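Here the structure comes first, spelled out in structure tokens, and everything after it is commentary.
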Amino acid sequence: MTPFSTLIRTASQQQHTEAETSAFMSDLLGGRLGVEAYVRYTEQLWFVYRALEGEADRLANDPVAGPFLRPELARTAALERDLTHLHGGDGWRGTLAPLPATAAYADRIARVARDWPGGYVAHHYTRYLGDLSGGQIIRDRAERTWGFARKGDGVRFYVFDGIPNPAAFKREYRESLDALPVDDLERQRVVEECRRAFALNTAVFRELGELFPLSA
Ligand code: HEM
């Protein structure tokens with residue numbers, strides 16, 4: 001039987017390529033956008049991670065979602081530090097508004113965090129395994145393009161101090177996915193939710209791309 005980690009990865013591969021090659025991401029990684037595009041993107045991430053992490057404690061003892069909730073993954077504090085740096089102070093607090101696509105994404109996460117642990121795992125996987133992988137490419141480009149200190153303020157979101165060996169961490173994470181205590185039907189639903197998570201990310205990129213148009 002195909003391990004669940006392989007199933008979820010394969011099922012989202014095409015959408016991964018779509019997200020990766022979206023105009024906004026291509027322009028950002030290509031160094032063609034100003035720092036304000038990066039700031040706006042980081043702001044959207046703050047809404048997403050607040051939804052992912054805001055009520056995660058309630059899932060700590062859940063047999064399905066609990067094993068994934070590792071404190072070394074938490075990103076909200078790092079994002080807040082980045083935002084304070086990017087905005088030159090704390091003024092951003094209370095003034096940020098999510099893009100419509102971001103609000104829809106955060107709502108969906110908050111909803112599954114409340115009442116569907118398997119769905120929460122799908123969103124958890126989509127974000128954190130991505131951050132540990134492609135996120136490192138984004139950090140490298142951001143440092144080069146806008147001159148942030150290596151692994152310093154502005155890119156702390158991408159720095160996992162508590163995970164010295166990301167490859168080993170990802171291996172263990174995939175083992176937890178493979179051990180998910182749910183039946184085949186629920187696995188299929190989790191895979192569908194992962195596809196939805198990717199689509200929600202792509203929608204955010206689309207709206208960011210409209211704000212910062214470049215690639216025609
Ligand atoms: C330009 C942007 C991106 C780049 C360059 C990128 C690159 C990569 C790379 C190289 C890997 C493979 C890592 C490995 O095999 O260990 C990976 C995995 C992954 N990425 Fe991305 N990625 C990007 C955007 C995204 C986005 C937007 C998402 C979703 C929000 C995402 C989610 C994932 C996930 C979930 C994995 C883990 C796949 C698995 O092994 O199960 N990535 N990414």
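The first residue in the sequence is number 1, and the count goes up from there. Just so it is clear, the model here is predicted, and its values are computed rather than measured. Read the numbers this way: they start at 1 and go in the same order the structure lists the ligands and their atoms.
- At a threshold of 4.5 Å between non-hydrogen side-chain atoms, the residues Y158 and D140 do not count as touching.
- Around atom 21 (Fe) of ligand 1, the protein N, O or S atoms found under 2.8 Å comprise H16 NE2.
- Short contacts between ligand 1 and M25, defined as distances under 4.0 Å to a heavy atom of the residue, involve ligand atoms 1 (C), 2 (C).
- Between F148 and Y38, the angle of the ring planes lies from 30° to 60°, which puts this pair in the tilted group.
- We find the CZ-OH distance between F169 and Y128 to be 10.0 Å, quoted to the nearest 0.5 Å.
- Atom 16 (O) of ligand 1 has its closest protein heavy atom at K170 NZ, 2.7 Å.
- Close contacts between ligand 1 and R127 involve ligand atoms 30 (C) [criterion: under 4.0 Å to a heavy atom].
- A salt bridge does not link D82 to R156: none of the charged nitrogens lies less than 4.0 Å from a carboxylate oxygen.
- Electrostatic pairing of R189 and E192 does not count as a salt bridge here, judged by no charged N lying under 4.0 Å from a carboxylate O.
- Here the heavy atom of the protein found nearest to atom 10 (C) of ligand 1 is I137 CD1, 4.3 Å.
- Against a heavy-atom cut-off of under 4.0 Å, T126 is close to the following atoms of ligand 1: 29 (C), 30 (C), 32 (C), 35 (C).
- Under the 4.5 Å side-chain criterion, counting only non-hydrogen atoms from C-beta, Y173 is in contact with H124.
- For the pair T10/Q13, a side-chain contact is recorded, criterion being any heavy-atom separation below 4.5 Å from C-beta on.
- Using a 4.0 Å heavy-atom cutoff, F205 is listed among the residues neighbouring ligand 1.
- Using a 4.5 Å cut-off on side-chain heavy atoms (C-beta onward), L33 and F24 make contact.
- The two residues K170 and L132 come nearest to each other via the heavy atoms NZ-O, 3.9 Å.
- Looking from atom 28 (C) of ligand 1 to the surrounding protein, the closest heavy atom is F198 CE2, 3.7 Å.
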Check: residues 96-107 side-chain donor-acceptor pairs under 3.5 Å, at least two apart:
from	atom 1	to	atom 2	distance (Å)
T102	OG1	Q44	OE1	2.6
Y105	OH	N201	ND2	2.9

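- Some N or O of R9 is nearer than 3.5 Å to an N or O of ligand 1, by distance alone.
- What sits closest to atom 40 (O) of ligand 1 on the protein, heavy atoms only, is R174 NH2, 2.6 Å.
- Once rounded to the nearest 0.5 Å, the distance linking CD of E193 with CD1 of I109 reads 9.5 Å.
- Of the heavy atoms in N201, only side-chain atoms (C-beta onward) come closer than 4.0 Å to ligand 1.
- In summary, R139 and E143 engage in a salt bridge, as defined by a charged side-chain N under 4.0 Å from a carboxylate O.
- Looking at atom 1 (C) of ligand 1, its nearest protein heavy atom turns out to be L29 CD1, 3.1 Å.
- The backbone and the side chain of Y125 each have at least one atom closer than 4.0 Å to an atom of ligand 1 (non-hydrogen atoms only).
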